[in-house]
Amino acid sequence: MPRTLPKLFFDPITLKHDNGAGHPERPGRLRAIREHLEARFPDVIFHRADPAERAEIERFHDPSYVDHVLSLKGRQARLDPDTALSPDSVDAALAACGMTIAAIDSAIAGVPSFALVRPPGHHAERARGMGFCLFGNVAIAADRATDHPDIERVLVIDWDVHHGNGTQNAFYNRSDVLFFSTHQSPFYPGTGAVRETGRGEGRGHTINVPLPAGSGDAALSDAFRTILRPIADEYAPDLVILSAGFDAHCLDPLGGMQVTTDGFAILCDIVQRIAADHCDGRLALVLEGGYHLDALAKSVVRCVELMSGMEINGAPADEAPIVPARSALEEARRVHEEVWPL
């Protein structure tokens, strides 16, 4: 039976964003992903999209911050010690945000998608770029999605090893976007405590599951099955967006979560089933972190395989989470069952 690939977005301009020699967030990340996808799917097609417009960027970011970033076009600059700009970085960031918007438009139209973008976006705050991120790609696109007449509730899932502080803050006071995050803790950027659950109308609509280093496949899959899944079933989203960072991988040089490629396949399968059960498969993945080139590329391929209808093969057997992770999961369940039926 022929397989239908998700709509994949990629633009060569994103390869021209250069953080400098030795920086982990480098153009080779997307080159490796593209090479692995072309080897696995010889007929793969990559789509471009219009760059994001200023009005779209300002859905989340302060105009003064947008002014500052746009003024750096064509220049070398640095937003923080980790986040540098080269002459083409602004164009790359606008393209990344535009492809994220297009991927989510595609998902709303019924075609699952994966935006293969850089620079990433989930750390960008309203008036500050940080953590390799210039613009909040997912925050901007998720907010825009709520304008669609068929989209009343958006579920944003972030499994990156680092907490998506920017995305969380974009929706902390809102109930029309539910943000769920698993992340290593303690770790950069120091946010994402289990008691950060939202404010006002958004109370209970931020779901943080901070986990200790070394948690691995068992803890992550437990979090997705016993916390995310029942909350998603109760929330019943009209659209699912996944901030797909792969730096929780056991080979990644920045993280220490010890997730395997098969582990990511299990998580992706859970996410895909949520989208299938609640919103006719409206699902968009957006690349965030992941800095071991081979692990990153193979994990992306596994997710694309699942999105094209292939079954999980070689998935790890169910195991009990390690004791520190088990305690963290139990605490998360206690906190979030104050609002949700867990």
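Note that this is a predicted model, so its numbers are computed, not measured.
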Please confirm whether the ring centroid of F187 lies under 6.0 Å from the ring centroid of H162. yes

Stepwise side chain to side chain donor-acceptor pair (under 3.5 Å) check, T83 with D80: CA-CA 5 Å; T83 312; D80 77 354; 2.7 Å; yes

Return yes if some donor-acceptor pair links the side-chain N/O of N208 with the main-chain N/O of E196 below 3.5 Å, else return no. yes

Checking S106 side chain against A102 main chain: does a donor-acceptor pair fall under 3.5 Å? no

Is a donor on one side and an acceptor on the other found under 3.5 Å between the side chain of H61 and the backbone of R128? no

Before giving the answer on side chain to side chain donor-acceptor pair (under 3.5 Å), spell out for H163 and T191 the whole-Å C-alpha distance, their side-chain angles and the decisive distance to 0.1 Å. CA-CA 6 Å; H163 179 247; T191 53; 2.7 Å; yes

Just by distance, no angles: are the side chains of S243 and D160 close enough, under 3.5 Å, to form a donor-acceptor pair? no

When the ring centroid of Y235 is compared with that of H278, is the distance short of 6.0 Å? no

The single option from W340, F171, F224 passing ring pair (Phe, Tyr, Trp, His ring centres under 6.0 Å) against F180: F224

Quiz question: by atom type and distance under 3.5 Å, do the side chains of D252 and H292 form a donor-acceptor pair? no

Apply the test side chain to side chain donor-acceptor pair (under 3.5 Å) to residues H249 and T261: give CA-CA distance (whole Å), side-chain angles for both, the deciding distance (0.1 Å), then the verdict. CA-CA 7 Å; H249 198 284; T261 301; 2.9 Å; yes

Fit a plane to each ring of Y188 and H123, take the angle between them on a 0 to 90° scale, and name the class: parallel (under 30°), tilted (30 to 60°) or perpendicular (over 60°). perpendicular

Within a radius of less than 6.0 Å around CD of E53, do more than 12 heavy atoms belonging to other residues, nucleotides or ligands occur? no

Can you tell me if R54 has over 12 outside heavy atoms packed within less than 6.0 Å of its CZ? yes

Heavy-atom side-chain proximity of V300 to L285 below 4.5 angstrom: no

Any side-chain to backbone donor/acceptor pair from S86 onto D18? Under 3.5 Å, distance only. yes

